[in-house]
Protein chains: 2
Amino acid sequence: MSHNTGMSAELPIKNTRQRHAIEAALAGARRPLLPAEILASAQQALPELGLATVYRNLKSLLAAGAIQGVELPGAALRYELAHQPHHHHFQCRRCQQVVDIPGCPPGIATMAPPGFLVDGHALTLYGLCAACSSVA
Amino acid sequence: MSHNTGMSAELPIKNTRQRHAIEAALAGARRPLLPAEILASAQQALPELGLATVYRNLKSLLAAGAIQGVELPGAALRYELAHQPHHHHFQCRRCQQVVDIPGCPPGIATMAPPGFLVDGHALTLYGLCAACSSVA
DNA sequence: GTTGTTGCAAATCGTTTGCAATGAT
DNA sequence: ATCATTGCAAACGATTTGCAACAAC
């Protein structure tokens with residue numbers, strides 16, 4: 001009597017205008033966005049959009065694996081689309097700007113003690129960006 | 001007319017009981033602590049201690065370089081003593097426990113684009129700890 | 001028609017701050 | 001005596017949630 005295709009018990013997710021606007025905002029940015037930035041950006045297309053809805057959608061998009069969170073010290077969580085080529089982030093200590101960094105140092109998975117299973121990692125570099133280091 | 005020894009304009013920092021209790025709490029833990037955990041731990045010696053004082057001291061200890069913050073996704077900022085041997089953190093996706101990991105992958109400083117000056121980094125590994133991976 | 005989703009406002013959580021009292025120097 | 005520090009409570013910013021109206025399916 002089930003209409004389920006698979007066997008997982010996921011809730012059906014509806015395709016709303018607001019979800020689309022939120023995804024579009026993220027897709028249009030070349031950097032991780034704050035919830036408030038997503039709201040502002042998506043409100044250009046959907047003025048009625050509320051902040052709570054942004055948070056609720058970010059949460060479900062995160063759970064669905066469509067987006068991922070980017071943590072930066074002392075700042076609120078930012079979000080970016082998932083499935084981008086593997087990269088990390090660099091934050092300038094002077095101008096606070098965040099830049100994507102492609103690639104990954106080798107040997108990360110072998111850092112953990114024996115018996116540990118590493119399935120992911122987060123890496124952020126700090127320092128001065130090209131612009132700021134030439135000024136300083 | 002100045003009584004300063006050097007030329008920096010740092011505020012004199014007084015040696016209070018509460019500061020000592022906070023440092024003792026951090027020194028006694030083998031893992032990064034949450035401000036509320038620090039409060040609870042330090043209150044055993046100093047019941048009058050308030051949470052605001054914990055925060056204020058963490059801030060100045062941080063500025064003084066005596067402690068450092070540990071960021072973990074979805075959780076509040078934790079603190080640990082600085083000047084420990086260089087290490088990173090591993091968080092188990094199953095039991096959420098945080099473990100110190102000694103060492104560092106090579107080549108981190110060379111990841112940034114030319115012109116960038118890297119002076120620090122944060123790395124956290126995720127996966128299953130030894131206990132959880134043997135159960136799963 | 002059913003049920004997930006929305007918008008708003010109130011609630012919650014972590015952290016900061018104003019202020020008068022206190023304690024370290 | 002001076003001045004940083006304290007405790008408390010109020011203020012604050014970010015995120016979550018209750019609820020009635022609403023829109024996807």
Side-chain angles (χ1 to χ4, degrees), chain A residues 1-5 8-25 32-40 42-64 66-79 96, chain B residues 1-5 8-25 32-64 66-79:
Chain A
M1 295 226 172
S2 169
H3 287 210
N4 265 346
T5 323
S8 67
E10 293 151 18
L11 290 180
I13 293 184
K14 296 182 179 175
N15 241 6
T16 67
R17 236 159 337 128
Q18 15 287 83
R19 171 177 301 246
H20 183 262
I22 289 167
E23 287 178 311
L33 295 182
L34 296 167
E37 293 176 322
I38 297 171
L39 176 68
Q43 273 183 335
Q44 294 176 210
L46 244 164
E48 293 308 300
L49 181 62
L51 185 54
T53 298
V54 171
Y55 276 102
R56 277 186 283 232
N57 274 287
L58 289 176
K59 202 177 189 179
S60 57
L61 287 169
L62 205 49
I67 65 174
Q68 54 196 10
V70 177
E71 302 251 355
L72 293 169
L77 186 60
R78 288 153 212 255
Y79 297 88
Q96 306 301 320
Chain B
M1 298 222 175
S2 168
H3 287 211
N4 266 346
T5 320
S8 66
E10 292 150 18
L11 291 180
I13 293 185
K14 296 182 179 175
N15 241 7
T16 67
R17 239 160 331 130
Q18 15 285 83
R19 170 177 303 245
H20 183 262
I22 289 167
E23 287 178 311
L33 296 182
L34 295 168
E37 294 176 321
I38 297 170
L39 176 68
S41 170
Q43 273 184 335
Q44 293 176 212
L46 244 164
E48 294 308 300
L49 181 63
L51 185 54
T53 298
V54 171
Y55 276 102
R56 277 186 283 232
N57 273 287
L58 288 176
K59 203 177 188 179
S60 56
L61 287 170
L62 205 49
I67 64 173
Q68 54 196 12
V70 177
E71 303 250 356
L72 292 169
L77 186 59
R78 288 154 212 255
Y79 297 86

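Values below: all heavy atoms of this structure, side chains included; hydrogens, waters and symmetry mates excluded.
Of the side-chain N and O atoms in B:Lys59, none sit less than 4.0 angstrom from OP1 or OP2 of D:dT5. B:Gln18 has no side-chain polar atom (N or O) that falls below the 4.0 Å cut-off from OP1 or OP2 of C:dG23. Here A:Arg17 reaches the OP1 or OP2 of D:dA24: one of its side-chain N or O atoms lies under 4.0 Å away. Residue B:Thr16 has a polar side-chain atom (N or O) positioned under 4.0 Å from OP1 or OP2 of D:dT6.
Atom P of nucleotide C:dT6 and atom CD1 of A:Ile13 are separated by 11 Å, given to the nearest angstrom. Atom OH of A:Tyr55 and atom C1' of D:dG18 are 18 Å apart (whole Å). In this structure, A:Leu39 atom CG and C:dT6 atom C1' are separated by 13 Å, rounded to whole Å. Following rounding to the nearest Å, A:His20 (NE2) and D:dA24 (P) show an atom-to-atom distance of 13 Å. Remark: C1' of C:dT22 and CZ of B:Arg56 are 13 Å apart, rounded to the nearest angstrom. Regarding B:Leu77, its CG atom lies at a distance of 14 Å from the C1' atom of C:dT16, rounded to whole Å. The CZ-P distance, from B:Arg19 to C:dT25, rounds to 11 Å in whole Å. Counting to the nearest Å, the C1' atom of C:dG23 and the CG atom of B:Asn15 are 12 Å from each other.
Between the CG atom in B:Leu51 and the CZ atom in B:Arg56 there is a gap of 10.0 Å [rounded to 0.5 Å]. Here CD1 of A:Ile67 is found 4.5 Å from CG of A:Leu58. Values are rounded to the nearest 0.5 Å.
Closest non-hydrogen pair, B:Ile22 versus B:Asn57, comes out as CD1-CB, 3.6 Å. B:Gly69 and B:Tyr79 get closest at one heavy-atom pair: CA-CD2, 4.1 Å. Between A:Ala42 and A:Ala25, the shortest heavy-atom distance links the atoms N-CB, 4.3 Å.
Annotation: of the two residues near DNA chain D, B:Lys14 and B:Val54, the 5′-most nearest-nucleotide partner is B:Lys14.
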Run the side chain to side chain contact (heavy atoms under 4.5 Å, CB included) check on A:Arg78 and A:Leu33 step by step: do they pass? CA-CA 5 Å; A:Arg78 288 153 212 255; A:Leu33 295 182; 5.8 Å; no
For side chain to side chain contact (heavy atoms under 4.5 Å, CB included), just list the numbers for A:Leu61 and A:Arg19, CA-CA rounded to whole Å, side-chain angles, deciding distance to a tenth of an Å, and then say yes or no. CA-CA 9 Å; A:Leu61 287 169; A:Arg19 171 177 301 246; 3.6 Å; yes
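Non-hydrogen atoms lying under 4.0 Å from DNA chain C are contributed by B:Leu51, B:Ala52, all within residues 42-53 of chain B.
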